[in-house]
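If you're wondering where the values come from, they're calculated on a predicted model, not measured in any experiment.
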Amino acid sequence: QVQVVESGGGLVQAGGSLRLSCAASGRTFSSYTMGWFRQAPGKEREFVAAIARSGGTTYADSVKDRFTISRDNAKNTVYLQMNSLKPEDTAVYYCAADPRGWYRGNDYYSQKMTSYDYWGQGTQVSVSS
């Protein structure tokens with residue numbers, strides 16, 4: 001069982017920045033594929049960013065060039081640096097872990113929710129105009 005815990009959400013003005021953190025348990029964290037998703041009120045949960053074991057990354061078009069996902073394997077933590085925030089970025093942000101993603105290769109990552117086995121409780125990000 002992998003525990004996933006997000007932190008770092010809050011209220012920020014449009015154009016501002018926030019950094020979310022996600023701590024995941026497990027001695028083999030460096031092998032996990034990790035992802036960030038978000039869910040706005042009244043909308044379905046959507047993909048934001050993912051990072052492979054190799055450090056390779058992928059982003060949703062809506063956040064590309066504004067958000068950066070990174071990982072610190074020594075701390076079992078993944079980060080989501082969010083810059084130039086917009087009101088439409090307001091959502092609950094969820095972190096997810098796929099401990100077996102590396103079976104598909106060091107550069108494997110996924111934008112599909114079903115690829116991830118473990119999820120955090122979410123952290124609220126609110127962007128005011």
Q: Does Gln81 reach the main-chain N or O of Phe67 with its side chain, forming a donor-acceptor pair under 3.5 Å?
A: no

Q: Are Trp36 and Val78 side-chain neighbours, meaning at least one heavy-atom pair lies under 4.5 Å?
A: yes

Q: For Asn76, which residues count as a side chain to side chain donor-acceptor pair (under 3.5 Å) partner, sequence neighbours excluded?
A: none

Q: What's the shortest heavy-atom distance between Leu80 and Tyr93, and which atoms?
A: CD2-CD2, 4.2 Å

Q: Suppose the criterion is salt bridge (charged side-chain N to carboxylate O under 4.0 Å, His left out): which pairs have a residue in residues 107-129, not counting sequence neighbours?
A: Arg100-Asp117

Q: Using the test ring-ring contact (aromatic ring centres under 6.0 Å, His included), find all partners of Tyr116 that sit at least two apart in sequence or belong to another chain.
A: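 With sequence neighbours excluded, Tyr116 shows a ring-ring contact (aromatic ring centres under 6.0 Å, His included) to Phe37, given in chain and number order.
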
Q: Specify the closest pair of heavy atoms between Ile69 and Tyr59, including all atoms of both residues, with the distance to one decimal.
A: N-OH, 2.9 Å

Q: What residues, two or more places apart in sequence or in another chain, satisfy side chain to side chain donor-acceptor pair (under 3.5 Å) together with Ser17?
A: Asn83

Q: For Arg66 and Ser84, which heavy atoms make the closest approach, and how far apart are they?
A: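 Smallest interatomic distance, heavy atoms only, reads NH1-O, 2.9 Å.
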
Q: So, do Gln121 and Tyr94 sit near enough that their side-chain heavy atoms are less than 4.5 Å apart?
A: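 Of all side-chain heavy-atom pairs linking Tyr94 with Gln121, none is under 4.5 Å.
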
Q: Which atom names give the shortest non-hydrogen contact between Met34 and Ala97, and what distance separates them?
A: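 Looks like SD-CB, 3.6 Å.
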
Q: Compare all side-chain heavy atoms of Tyr79 with those of Thr68 and state whether any distance is below 4.5 angstrom.
A: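 They are not in contact (no side-chain heavy atoms under 4.5 Å apart), so the answer is no.
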
Q: So Val48 and Gln111, do their side chains get closer than 4.5 Å, heavy atoms only?
A: no

Q: Would you say that Met82 contacts Val125 through its side chain, given a criterion of any heavy-atom pair below 4.5 Å between the two side chains?
A: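 They are in side-chain contact.
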
Q: Does a side-chain N-to-carboxylate-O contact under 4.0 Å join Lys64 and Asp61?
A: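 Salt bridge between Lys64 and Asp61, a charged N being under 4.0 Å from a carboxylate O: yes.
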
Q: What are the two closest non-hydrogen atoms of Val92 and Gly122, and how far apart are they?
A: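 Nearest heavy atoms, Val92 then Gly122: CG1-CA, 3.8 Å.
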
Q: Decide yes or no on side chain to side chain contact (heavy atoms under 4.5 Å, CB included) for Asp98 and Ser110, but give the supporting numbers first.
A: CA-CA 9 Å; Asp98 175 8; Ser110 175; 5.9 Å; no

Q: Look at the side chain of Arg71 and the backbone N and O of Phe29, then say whether any donor-acceptor pair between them is shorter than 3.5 Å.
A: yes

Q: To the nearest 0.5 Å, what is the distance between CG on Asn73 and OG on Ser30?
A: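 Here the rounded value is 5.0 Å.
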
Q: Do Trp119 and Leu20 belong to the same hydrophobic cluster, where Ile, Leu, Val, Met, Phe, Trp and Tyr are linked whenever their side-chain heavy atoms lie under 4.5 Å apart, directly or via other members?
A: no

Q: Enumerate the residue pairs fulfilling salt bridge (charged side-chain N to carboxylate O under 4.0 Å, His left out) with a member in residues 46-59, sequence neighbours excluded, ordered by first and then second residue.
A: Arg38-Glu46

Q: For the backbone of Met113 and the side chain of Ser115, can you confirm whether one donor and one acceptor N or O come within less than 3.5 Å of each other?
A: no

Q: So, Thr90 versus Glu88: side-chain donor-acceptor pair below 3.5 Å or not?
A: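 No - no donor-acceptor pair under 3.5 Å links their side chains.
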
Q: For Tyr32 and Gly26, which heavy atoms make the closest approach, and how far apart are they?
A: OH-CA, 3.4 Å

Q: Look at the side chain of Thr123 and the backbone N and O of Gly9, then say whether any donor-acceptor pair between them is shorter than 3.5 Å.
A: yes

Q: Suppose we screen for ring-ring contact (aromatic ring centres under 6.0 Å, His included). Which residues come up paired with Tyr109, at least two apart in sequence or across chains?
A: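 Counting only residues at least two positions away or on another chain, Tyr109 forms no ring-ring contact (aromatic ring centres under 6.0 Å, His included).
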
Q: Hey, does the side chain of Ser25 reach the backbone of Gln3 with a donor-acceptor pair shorter than 3.5 angstrom?
A: yes

